[in-house]
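Naming: A, B, ... by sequence-line order, numbering from 1 per chain.
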Amino acid sequence: MKIATFNINGVRARIVALLDWLRETRPDVVLLQEIKTVDDGFPRLEVEDLGYAIETHGQKGFNGVAILSRLPLEDVTRGLPGDESDEQARWIEATVVGETAARICGLYLPNGNPAPGPKYDYKLAWMERLRHRAEALLAEESCAVLAGDYNVIPAPEDCWDPRIWAKDALFLPPTRAAYQRLLNLGLTDALRATDAHAGVYTFWDYQAGAWPKNHGIRIDHLLLTPAAADRLTACGVDAHVRGREKPSDHVPVWIELAA
DNA sequence: ATGGTAGTCATACTA
């Protein structure tokens, strides 16, 4: 089962790029972030034509996540538990019924800039809620994948120049500590586990020629529970799509899980 | 210290 995460940065603006990539790589399950539309605005027909079922958790203008799947989806839930007052669309999960079932969680973790400030407080609080959800999935020994745009640079080797990011919400010590607490529960960072060398990035800013200069960062992650990590056979980054016409600033990251 | 780019919605905000 091939599972990919892709921050699409506006699904309506990116529909051609999305369809081209889906046709080329044929993932079984795709987690999208920043669809930037309400549910009714999602370009369903074009994606359904390629054989995908679609579950969305949209929002006007900002945020918004979705799951595309060629396999049946069951028990879809929307919103990260732990704060009834949180109206930002950043979390969706579903059970994918393949040869073996897997719980698939798609997330768009808050950016948190500027830090310090209320946006950074929201980011750290959101990461605490994420940790609680992960604890529950681990407690029930689920085969689960928690994947998406984490807006976390885990370590200095995950960016071109750590000095640039020193005071950024994506790299501040409390951010990295919260991410490490998540891993410490027993989750596996799939790309770190399969491709340990530095300089593997998933995001290049639109500004200042970041892509041609390869000034990237690694912030899109797939975290696996032990039952899922036991099935991990491959992991990769489709970096080439960043060089195409009208690209997202993020690129897809994917894993293969054995049946 | 600033602005460089992009998407959405409306002339600002988020990233």
Side-chain angles (χ1 to χ4, degrees), chain A residues 5-21 30-44 46-47 56-66 79-80 86-91 106-127 130 147-154 158-172 174-176 178-179 201-221 239-253:
Chain A
T5 177
F6 192 2
N7 181 321
I8 200 71
N9 190 16
V11 70
R12 288 176 295 176
R14 212 70 63 209
I15 187 62
V16 172
L18 176 61
L19 295 175
D20 285 348
W21 170 74
V30 182
L31 302 169
L32 295 179
Q33 301 88 39
E34 286 205 89
I35 62 172
K36 292 187 174 181
T37 177
V38 294
D39 295 337
D40 286 345
F42 195 99
R44 302 186 68 91
E46 298 94 318
V47 175
T56 59
H57 182 35
Q59 179 179 344
K60 185 179 179 182
F62 308 109
N63 307 323
V65 289
L80 181 62
D86 185 359
E87 295 184 348
Q88 298 192 33
R90 297 178 174 276
W91 179 268
L107 65 101
Y108 176 46
L109 205 147
N111 176 294
N113 281 304
K119 290 188 177 179
Y120 193 56
D121 296 341
Y122 174 66
K123 177 176 193 154
L124 293 179
W126 205 95
M127 292 184 82
L130 173 57
D149 178 358
Y150 277 74
N151 270 314
V152 175
I153 302 167
D158 297 313
C159 60
W160 179 265
D161 183 356
R163 292 170 302 178
I164 298 290
W165 298 94
K167 294 183 177 177
D168 194 283
L170 279 61
F171 193 59
L172 281 172
T175 304
R176 292 158 60 189
Y179 184 77
Y201 307 132
T202 67
F203 169 96
W204 295 261
D205 200 285
Y206 289 121
Q207 302 179 65
W211 166 249
K213 289 189 276 196
N214 195 29
H215 290 180
I217 54 178
R218 188 174 77 93
I219 55 174
D220 299 272
H221 310 301
H240 64 283
V241 303
R242 184 63 179 79
R244 292 184 175 169
E245 287 291 308
K246 231 171 129 56
S248 171
D249 41 7
H250 297 250
V251 297
V253 187

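Note on Phe203(A): nothing from the nucleic acid sits closer than 4.0 angstrom, heavy atoms only.
Regarding Asp220(A), its CG atom lies at a distance of 13 Å from the C1' atom of dA15(B), rounded to whole Å. Rounded to an integer number of Å, the gap from Asn63(A) CG to dC13(B) P is 16 Å. Computed from coordinates, the Glu34(A) CD to dA15(B) C1' distance equals 7 Å when rounded to whole Å.
Taking atom C1' in both dA6(B) and dA10(B), one finds a spacing of 16 Å when rounded to whole Å. To the nearest whole angstrom, the two P atoms, one in dT11(B) and one in dA1(B), are 31 Å apart. For the P atom pair drawn from dT14(B) and dC9(B), the interatomic distance equals 14 Å after rounding to whole Å.
Residues that satisfy the side-chain contact (heavy atoms from CB on, under 4.5 Å) test with Lys246(A), not counting sequence neighbours, are Ala13(A), Arg14(A). Ala66(A) meets the side-chain contact (heavy atoms from CB on, under 4.5 Å) test with Leu32(A), Ile35(A), Phe42(A), Thr56(A); sequence neighbours excluded. By the side-chain contact (heavy atoms from CB on, under 4.5 Å) test, Gln207(A) pairs with Asp205(A), sequence neighbours left out. Here Asn113(A) pairs with Asn111(A), Asp168(A), Ala169(A), Leu170(A) under the side-chain contact (heavy atoms from CB on, under 4.5 Å) rule; sequence neighbours left out. In this view, Glu46(A) satisfies the side chain to side chain donor-acceptor pair (under 3.5 Å) rule with no residue, not counting sequence neighbours.
Side-chain contact between Ile219(A) and Tyr150(A) is absent, with no heavy-atom pair separated by less than 4.5 Å.
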Per-nucleotide protein contact string for nucleotides 2-11 of chain B (B base, S sugar-phosphate only, - none; heavy atom under 4.0 Å): --BBSBSS--
